[in-house]
Each structure stands twice: as C-alpha cells, then as structure tokens.
Amino acid sequence: MRSKLRMREKILLVCLCSTLAALVIQTVLYQGASSSLIYEQAENESFHTLENMQNELNSFFRNIERGLIKIYNDKEFMRDLGGSSVEELQHKYYRRAYEMAAENFSTSDNVVAFYVYTAEHELVSAYRKTVTPKYNYPRDIHESPGYNGEKVREYVASSDNAMLVSSYYNEHRERNIVRFVVKIYNTTNLDDRIGYLVCDVDSKALEKIMKKYVVNDTMYIWLQPMGDRQIYAIGNPEAESVDYYEKVSACIRAGEAEEIAHISEKNKVLFQVSQQTYNMNAYSIMPQEILRQNQALLTRNLILTAAAMIALMTVAISYITKSLTRPLEQLTDTITRIRSGNTELRVAYRAEDEIGRLGKEFNEMLDEIQRLIGREYESQLLLNRAEYKALQAQINPHFLYNTLDTMSSISSIQNCEIVSSLCQSLSGIFRYSLDMKHPYSTVAKEINHLKNYIFVMNVRMREEVRYSFHIEDGVLQDSIPRISLQPLVENALSHGLKNKHGEKCVRVAAEEKEGLLLISVTDNGVGTDGAELNRKLQENDKDVIESGNSIGIYNINARLKMLYGQDYGLYVESVYGEGTCVRLRIPRMKVEEVETWNR
C-alpha cells in the first residue's frame, strides 16, 4: 500500500523522529540517578498537602457548626422543645428545618437535607432540597438502616459534646452524603439534652476542597472518622491500591488504629493526618514508584524539549515547503469542493508553471463538461414534454370531466338518480386525482375525495360495508399529500374485508397530537401479519415499492418518508380474526406553509 503522507509531512516526520530518538537516549542515560532525596521531598510534600487540606476542611466544618448552633438564638423554640409534646412541636415548627437551612447556610454549603429531632429521636421538622427519583433523600433518617441512623443514636446517647461528622450512601444519588449532627441542650441546665439537629450536605462540597490537593492521578485520598465508615474519597487508585485501601478502611471502621501499622503492602505508602476537633482523619495512598520523580522529571523535560523542537521545525519546514506544496494543496482542495457539488468553482492559480497549466486545462475540462450536461438536460426536457403531450393526446381530462357531467345530466333528466350521482362522484374522483399542479391538499378535500370513492364502492358492493368518520374540526385545513387516504381504504376493502363474513366496518379518524397530524383507517376484517408489514415499511425497499401495479401502503409510506423524513410514515397494527388499523403520522402544517417547510 502506498503512503498517503504528503511531502511536507514526510520531511517533518523524519526530523521529529531524529529529535525524539535523541531525547529517549538522554532519558536512558539518566535513568539510574539516585531518587532518595526526591522521595523525602515528596513525602514531606504529601504530609503538607494533607495538613493544608485538613485545615481547609476544618474551616468548612466550623462554618457548618456555626450555622447549627444558631438554634440557641431562638428562645421560644428552645423553651418549647424542652417542654412541649412532639405533636405540638410538629404542628408549630413544621417549617423550622427549612427556615434554618435557608437562613443559616449559603448555596455553596450544598445542604441537601435538614432535620430537627427531640432527645427521644422523634422527628419535629424535616427539609429536603428536592424530592425526585434521582434527587431523593430520607424523610426520616431513622426510618431504615440504610441512612446510618444507628451512628446518630449512638452519638446522641454518648457524652461527646463535639459535633458529629458522619455519612451515609444515598442509593438514588449513587454517592456519599456527609452528615453533621449537633446536640441541643437546655440553656438553664447543660446536662439536660432536649434534642439534636441533623444537617446532610452533598459530598461535592468536600470534593471542591479535596480536588485541589490531589497532586497525582494515582494518588488516593479519603476522609474517615475513627470507628465510622468512609465519608468521601477522591483519586484514581491502581488495582493493588484498592485492596490495600479496603484493608486499612476496615481497620479504621472497626476502631483498630494500632492494626493499621501492621498492614503492609509492597510499593505502597500510607500517609495520615488527624483532625482532632471533629475526629476526622485524612488518609492517602501513593505508590512508592511515583515518589521517585527522577523519571517524571526527565519525562517532563523530554516533553518540553520535544514540543519546542517540534514547534521550531514545523515553522521552518512549513516556510521552506510553502512555495512548493501550497499550489498543489489549493488545486486538490478545489477539486474536492467541486466533487462535493460546487461545480461553479474554478482553479484560481494562474502562474506560468506546470501547476498553472494543469489548473488551466482543468478549468477548460469543467467548462466542457458543464456544456455537455446542459445539452443533456435540454434533451431530457424535450423528451419529457413529448411524453406528456402523448399522454394528453390519449386522455384529455377535460373531455372526460365534460362527458361524465353530460352523463350525469342525462341520467338526472331520465330520473336515474343513482347513475347521476355515480357520474358526479366519478367526475370528482378524476378531477381530484388528475390535478398534477398541486401535490398537497387539505384533510377536508382528502375526506371529500374519499367519500366520492366510498359512494362508488357502495354502488358496486351494494352497501355491504358500513363507514364511519371521526374527524377533529381543527385538522380539516391541515395539509396532506394528495391521494393518501383513498388507497388505505381501498387496501382495507381489497385485503381486510374481502373474505370477511358478517358485518363489515371501516372507521376513518383524524386528530392532532403534540404538533402531529394522526390519521387512522381501521377495519374489522380478517387481519394480517402486522409485524412483517411494519418491517417492510421500515426498510422502505425500492424494489418492494415498485413491484405493485397500484398505489399501495408501501408507495404511500415511501412518499411520506421522502416528503417529511424517516421519522414519519405509516404504521400497521393487526390481529388475525379481529381486524387491521393503518396509522398515518406526519407534521401538522397549512398548505401555504408546506413550501417554506420543505426549504
């Protein structure tokens, strides 16, 4: 296979490969350098990173705690909480949770739920930011074990006065929700616990803080209180690091801090920084290899040097080869655009060299092709006109209309009303069918044409079939391609009701739904294989469409898809022995809007 690279690209590729080879050799030569000093620096940097992150998290936790303890400013609520029944509290302070969430916290705090409880774990007031299938939070944190209510009960029963920081996994959000709990004491007796507050915060509030301290893609940082589940984690650990993390996290959750030191894993380093105020520890796992930054430093230098060399060589080579390759690129670009359909374009390069002469010859060739196409088009127009005139000579529509009108008048004079009506219906059918100037009609005219056809068929079939119409007034002036409904009724008579015994019915309905025009033709005939018909309608095979001798559902379906797009057309519902329903689906628009819509 021949190379598809251009000359400029080949020169550039050779230069780049030479430069990259030199850089690779440099990296190999410095591969054996000592990395102990770099490891110590990375270790110190990791500790400082966790300490800074803990300080920022501590500020966030303090801000949440300040918002919670503002409950003591509400003297009336504090008095009622210590002396009223839960029913009275629920009635009087049912909006208290919402008011505290709105007044004491900003949007950046990401509070998603807020609860006020009595000391006996009875819910006084609850606020949930949103209640949807995706954004759903518990109505009561104690209503099921999945919301970590046991940890809250354990904290409330303890003598710990610091704010509890915990979490639970929200299955609807598929993420951890951070939980803050503060006990409420009687202001006149600090030993009397009268209730507690629960504030649930979206973990993305912690994510914003922790993201700033992830210095490496394989670094894994998580927050976990001693004796509790993990609160939040960030990073992309390697597969081996995940196993190591699960062992460490299990020890933390079990409260076995001493056991962590005995968990060893090859090439893994664990860093830990505590936050004593809120019993919140930060941990990070980092593969030992990435701490040896000599290779990363060499790689970074390699990339910078390569980028600089590539930029310089690209500019130099582009400048040198511009005069040689630019005319050829312009010529190939013009040829591509002409091949895409813009046949009016011509090559603009006029220099007196080989490329200029090639462009001039190419322009002359295009001019000659356009002249030949014009002649062929004119010949085809003449042929079409001749065929049309031959068809007119065979059947003159006006002669046919006048003849049927004359027959109708004679039949009426001779008191043969059925023949007169039959002639009038046939005249209307032919006038409507042979009107080639207007491919679109209205639903009202289509229904009128269909009723003329039904009258003729009733005369032929001695009114064996009962017809019913259910047409919404609002769709009567909607546009529809001409001769779209009559073939559907004809198909119902020819196939659905032909072998039907007993009462025969055809129902025609039209309605508007969500900006679409929906028309259905339903019969109570013998039924057919609806799935096979729908498959062929969806395939829209040209051979199937052209195989019939009359306008059938395949032809109508193809015409609708061609006019409106692949999302529209016909759909069949049929049950053997019960009948068939053919549904027509197109956009709603008036006749005068069709041309604009097509453009």
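Note that the numbering runs from 1 along the sequence shown for the chain.
Glu56 and Tyr213 are linked by a side-chain donor-acceptor pair at a separation below 3.5 angstrom, with hydrogens and angles left out of the test. Between the side chains of Tyr245 and Gln230, at least one donor N or O lies within less than 3.5 Å of an accepting N or O. There is a side-chain donor-acceptor pair under 3.5 Å between Asn161 and Tyr185. There is a side-chain donor-acceptor pair under 3.5 Å between Tyr278 and Glu65. For the residue pair Asn176 / Asn170, no side-chain donor-acceptor distance below 3.5 Å is found, with atom types taken as modelled. Between Arg179 and Ser167, the side chains place no donor N or O within less than 3.5 Å of an acceptor N or O (distance only, hydrogens not considered). Asn281 and Tyr283 share a donor-acceptor pair across their side chains, judged by distance under 3.5 Å alone.
The environment of Tyr576 atom OH is dense: over 12 non-hydrogen atoms of other residues, nucleotides or ligands sit within 6.0 angstrom. Within a 6.0 Å radius of NE2 in His172, more than 12 heavy atoms belonging to other residues, nucleotides or ligands are found. Summarising the local packing, CD of Gln538 is surrounded by 12 or fewer heavy atoms from other residues, nucleotides or ligands at distances under 6.0 Å.
Taking Tyr115 as the reference, nothing meets the ring pair (Phe, Tyr, Trp, His ring centres under 6.0 Å) condition, with sequence neighbours excluded.
The backbone N or O of Met589 sits less than 3.5 Å from a side-chain atom of Ser479, completing a donor-acceptor pair.
Note that the CG atom of Leu206 and the CE atom of Met280 stand 8.0 Å from one another [nearest 0.5 Å]. For the atom pair Asn186 CG and Ile194 CD1, the distance stands at 5.5 Å (nearest 0.5 Å). Distance check, rounded to the nearest 0.5 Å: CZ of Arg66 to CE of Met163 gives 10.0 Å. Atoms OG and CD, from Ser166 and Glu150 in turn, are 10.0 Å apart once rounded to the nearest 0.5 Å. Between Thr580 atom OG1 and Leu488 atom CG the span is 12.0 Å, to the nearest 0.5 Å. Here Tyr232 contributes atom OH and Ile177 contributes atom CD1; the two are 10.5 Å apart, rounded to the nearest 0.5 Å.
When all heavy atoms are compared, the tightest approach of Val475 to Ala510 is CG2-CB, 4.0 Å. Heavy-atom minimum distance, Val111 versus Ala101: CG1-CB, 4.4 Å.
Aromatic ring centroids of Tyr117 and His142 lie under 6.0 Å apart. Ring to ring, Tyr98 and Tyr127 are close: their centroids are under 6.0 angstrom apart. For Tyr196 and His121, the ring centers sit closer than 6.0 Å to each other.
Under a cutoff of 6.0 Å and an axis angle of 45°, Lys183 and Tyr155 form a cation-pi pair.
A perpendicular orientation is assigned to the rings of Tyr568 and Tyr564, their planes being inclined by more than 60° (bins at 30° and 60°).
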